[in-house]
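Quick notes on the structure that follows.
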Amino acid sequence: METIIAGNWKMNMDPGESRTLVQELLQAVGAVKDRTIIVFPAFTSLPHVAEIVHNSVIKLGAQNMHWERSGAFTGEVSGLFLKQLGCEYVIIGHSERRHVLKEPDDWLNRKLKTALDIGLISIFCVGETQDERESGRTEEVITRQLDLGLKGIESEVHKMIIAYEPVWAIGTGKTATPDMAAQVHGFIRSQLTKPATILYGGSVKPENIDAIMKEEEIQGVLVGGASLKPDTFARIVKFTK
Ligand code: 13P
């Protein structure tokens, strides 16, 4: 199964900063052949980054999209436009969109369906909050997120990527131990009828990447803060088991 190292830049890096970051990253990882490297810049940086990564080892993705192809949806972005810019991937249901922007599960389901239809590979994020973990509801929450998000498209899950991102580990410096993450990955896998690539996300950094990637259950990582520095992200890309 493919190994994926993805960098979610979130709402950071203006177009000029994005160009510099991806140029330096490309210099550092340009020769890496045995893993898939994906960056997710802000919408406004996508054309700038696309120009630099075109035909290189770095693939391009967007952090969100709308479920309709076009229409009266002020402020939204169509997946078709993203494809035209060179995006092959799209993040759907990141916890910041679920919790801060209150995106409900049925929106995510529609987005996943559209991405499948138009040929964008989704990275579908699931994960529990601190409260949900502490009250022993991790599996219940993840089951609900998977059931509602994948409603009607479960048989196509092998065409998507799932990211397990425990909300309490995102941007907090608290990482799920490799063992904890692997346990939830195993649970997610047991809920799916087809093999899917499952990534871990939440405070991944050079200090913990090797231990995380030693787990058989973990096929890659979705990195936030540590993807904003070329050296740091390159070290993560070049993990050793
Ligand atoms: P951090 O790596 O900054 O914790 O963010 C994780 C994340 O949300 C990736 O999508």
Side-chain angles (χ1 to χ4, degrees), residues 3-13 17-18 21-22 25 35-43 45-46 49 58-65 82 87-103 108 111-112 115 120-130 132-133 138 141-142 145 149 160-178 180-181 184-185 188 197-213 215 218-239:
T3 299
I4 296 179
I5 308 292
N8 174 10
W9 297 358
K10 307 192 179 182
M11 199 172 74
N12 296 295
M13 301 286 148
E17 292 164 338
S18 297
L21 172 57
V22 82
L25 183 62
R35 36 204 82 168
T36 302
I37 307 161
I38 318 167
V39 293
F40 293 86
F43 288 134
S45 290
L46 284 171
V49 173
I58 301 180
K59 311 274 181 214
L60 192 61
Q63 298 173 18
N64 180 36
M65 63 172 227
L82 300 172
C87 289
E88 294 174 64
Y89 298 85
V90 61
I91 298 175
I92 303 289
H94 190 277
S95 75
E96 286 144 20
R97 300 207 64 87
R98 286 179 185 269
H99 295 284
V100 185
L101 295 155
K102 308 290 177 208
E103 285 199 14
L108 308 181
K111 292 180 184 200
L112 290 170
L120 276 172
I121 301 173
S122 296
I123 300 198
F124 177 43
C125 302
V126 296
E128 80 288 4
T129 62
Q130 175 121 32
E132 289 162 345
R133 173 161 282 265
T138 299
V141 168
I142 287 174
Q145 291 173 336
M160 305 172 206
I161 297 162
I162 308 282
Y164 169 54
E165 296 210 324
V167 181
W168 49 271
I170 297 178
T172 57
K174 288 189 208 167
T175 324
T177 61
M180 272 159 91
V184 179
H185 281 224
I188 293 172
T197 301
I198 309 179
L199 313 182
Y200 168 75
S203 298
V204 174
K205 43 194 174 227
E207 295 75 31
N208 57 26
I209 184 66
D210 295 345
I212 291 169
M213 292 307 298
E215 296 287 342
I218 301 178
Q219 281 86 47
V221 284
L222 182 53
V223 186
S227 69
L228 299 174
K229 292 202 183 109
D231 294 352
T232 312
F233 192 58
R235 166 65 185 88
I236 293 173
V237 168
K238 294 177 182 173
F239 74 86

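Whatever order the structure lists them in is the order used to number ligands and atoms, beginning at 1.
Atoms of ligand 1 lying under 4.0 Å from any heavy atom of Leu222, numbered from 1 in the order shown and given with element: 9 (C), 10 (O). Below 4.0 Å from some heavy atom of Ala169 lie the following atoms of ligand 1, by number and element: 4 (O). Which parts of ligand 1 touch Glu165 is read off a 4.0 Å heavy-atom cut-off, strictly below it: atoms 7 (C), 8 (O), 9 (C), 10 (O). For ligand 1, the atoms sitting less than 4.0 Å from at least one non-hydrogen atom of Ser203 are 1 (P), 2 (O), 4 (O), numbered in the order shown with element in parentheses. Ligand 1 places these atoms under 4.0 Å from at least one heavy atom of Gly225: 1 (P), 2 (O), 3 (O). Those atoms of ligand 1 that come under 4.0 Å of a heavy atom in Lys10, given as number and element, are 5 (O), 6 (C), 7 (C), 8 (O).
Residue nearest to atom 10 (O) of ligand 1, selected from His94, Glu96, Gln63: His94 (by heavy-atom distance).
Where the criterion is an N or O separation shorter than 3.5 Å, residue side chain and backbone included, Gly201 fails it with respect to ligand 1. Residue-to-ligand polar distances place Gly171 within reach of ligand 1: an N/O pair is separated by less than 3.5 Å.
The CG atom of Asp210 sits 10.0 Å away from the CD1 atom of Ile236 when rounded to the nearest 0.5 Å. Between the CE atom in Met213 and the CD atom in Gln219 there is a gap of 7.5 Å [rounded to 0.5 Å]. Atom CG of residue Asn64 and atom CD1 of residue Ile92 lie 6.0 Å apart, to the nearest 0.5 angstrom.
The proximity of Ile170 to ligand 1, defined as any non-hydrogen pair under 4.0 Å, involves the side chain as well as the backbone.
For the residue pair His94 / Glu165, a side-chain donor-acceptor distance below 3.5 Å is found, with atom types taken as modelled. Glu132 and Trp168 form no side-chain donor-acceptor contact under 3.5 Å, judged by distance and modelled atom types alone.
Exactly one residue among Ile5, Ile161, Val221, Val223 makes a side-chain contact (heavy atoms from CB on, under 4.5 Å) with Leu199. That residue is Ile161.
A heavy-atom distance below 4.5 Å is not found between the side chains of Glu215 and His185.
Arg35 places no side-chain N or O within 3.5 Å of a backbone atom of Thr3 that could act as its donor or acceptor partner.
With respect to atom 2 (O) of ligand 1, the closest heavy atom belonging to the protein is Gly224 N, 2.9 Å.
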